[in-house]
Protein chains: 2
Amino acid sequence: MKAERAHFFNFLKEKGLKLTQQRETILNAFLKTEKHVSVEDLYNIARRKDSTIGQATVFRTLKLLAEAEIASHVDIGDGIRRFEHRYNHKHHDHLICLKCHKVIEAVDESIEQRQEALCKKFSFQPVSHRLEIFGVCKKCSGKVKN
Amino acid sequence: MKAERAHFFNFLKEKGLKLTQQRETILNAFLKTEKHVSVEDLYNIARRKDSTIGQATVFRTLKLLAEAEIASHVDIGDGIRRFEHRYNHKHHDHLICLKCHKVIEAVDESIEQRQEALCKKFSFQPVSHRLEIFGVCKKCSGKVKN
DNA sequence: ATTGATATTGAAATTCAAAATCAAATTATA
DNA sequence: TATAATTTGATTTTGAATTTCAATATCAAT
Ligand SMILES: [Mn+2]
Ligand SMILES: [Mn+2]
Ligand SMILES: [Zn+2]
Ligand SMILES: [Zn+2]
């Protein structure tokens, strides 16, 4: 969490941008949570530290964090853009429960390797990818009803 | 294309819905294209057959086609919902060119199998999944500039 | 073929997250 | 501190997705 902060402060300086109280508050709030947060989620969290903070600033700061490669987008399939930690976090796929909306993070190296091979087959240069598996989690499938 | 039509007509009857000229026009337009079409795309295509057709009807019919499992959603990553053929079409993943927006359809059986294994590891019952790889296609990577 | 209950239609309005606007406030550097 | 540049938050705007509703079409039963 220290490294991310230093990285962001440096990113701002290099871009000729300013380090503001709001940006620091929002960064801290983001780093403190391990969830996949929407702009609104993070807005509500950050507001607890500084009630005068605006949604627009959270929106813009999250965008900056993505540019700085501290955050990245996640699409859980509900049409709302969410963000997760990226700095020093490995790539992973998501298993998303359709009932309780829990998100399991997982990686399978051989899936990753096979994707590389698949791209090669089409002379396609991969830049990024996303794999989301929708289904029912252990807890929810154990329930009798619903 | 004949089977899909029969299937849709049957779907409508079973649901107590009506077969209208608009629905037939829109279904035909959808079946005729092999592209990943947005509501607006299909609206523009269908309008050539019947200029009085409305966007809302295209939207609603596409929704019905998805329910009838004739169409399914595709997310190319540009925030616009698209649809593709589903009836008698196997599952596949997408390689999406960031430069020319070409979409390559591909499947790797061992990726699919590994996904199953990954789910098992978490006692997760998969219902559906999507894998999108973003990158640069052969044609675009061959170009000197841009 | 006519009826009539019910579903459907298209134009327009609404929703809602994402993005843009802008005057006032804050920051960085000298 | 003075200055120029950036940032802020309230507000507005955008645009795709979805809903509304009065007029129209469908279809099973006459
Ligand atoms: Mn994640
Ligand atoms: Mn496809
Ligand atoms: Zn669950
Ligand atoms: Zn290309």
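Note that the structure is a prediction, hence the values are computed from the model and not measured.
- In this entry the distance linking CD1 of Ile53(A) with P of dA25(C) reads 18 Å, nearest Å.
- Look at NZ on Lys15(B): it is 19 Å from P on dT6(C), rounded to the nearest Å.
- Atom CG in Leu62(B) sits about 17 Å away from atom C1' in dG10(C), given to the nearest Å.
- For the residue pair Glu112(B)/His129(B), the side-chain donor-acceptor check at 3.5 Å is satisfied.
- Whole-Å rounding puts the Leu64(A) CG to dT7(D) P distance at 8 Å.
- Atom CZ of Phe83(A) and atom P of dA17(C) are 14 Å apart (whole Å).
- Of the possible polar contacts, one joining the Asn44(B) side chain to the Glu40(B) backbone as a donor-acceptor pair under 3.5 Å is found.
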- request: Mind running side-chain contact (heavy atoms from CB on, under 4.5 Å) on Leu62(A) and Leu42(A) for me, showing each step along the way?
  value: CA-CA 9 Å; Leu62(A) 237 10; Leu42(A) 195 58; 3.7 Å; yes
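- For Glu14(A) and dA28(C), the CD to C1' distance is 17 Å, given to the nearest whole Å.
- Separating the CD atom of Glu24(A) from the P atom of dA28(C) is a distance of 10 Å, rounded to the nearest angstrom.
- Rounding to whole angstrom units, CG of residue Asp78(A) and C1' of dT15(C) are separated by 16 Å.
- OP1 and OP2 of dT6(D) both lie 4.0 Å or more from every side-chain N or O belonging to Arg23(A).
- Considering only heavy atoms from C-beta on, Arg81(A) stays 4.5 Å or farther from Asp75(A) through its side chain.
- Note on the helix from dA1(C)-dT30(D) to dA30(C)-dT1(D): terminal axis deviation equals 30°, with five pairs used at each end and the result rounded to 10°.
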message: Counting primed atoms plus P, OP1 and OP2 as sugar-phosphate and everything else as base, spell out the protein contacts along nucleotides 11-30 of chain D at 4.0 Å heavy-atom distance: B, S or - for each nucleotide, 5' to 3'.
response: ------SSBB-----BS---
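- Side chain to side chain, Ser110(B) and Arg114(A) meet the donor-acceptor criterion of an N or O pair below 3.5 Å.
- A salt bridge (Lys or Arg N to Asp or Glu O under 4.0 Å) with Glu67(B) is found for one member of Arg86(B), Arg60(B), Lys15(B) and no other, namely Lys15(B).
- To the nearest 0.5 angstrom, Ile96(A) atom CD1 is 8.0 Å from His36(A) atom NE2.
- Using modelled atom types and a 3.5 Å distance limit, the side chains of Glu69(A) and His7(A) yield no donor-acceptor pair.
- Checked by atom type, the side-chain pair Asn28(A)/Thr25(A) shows no donor-acceptor distance below 3.5 Å.
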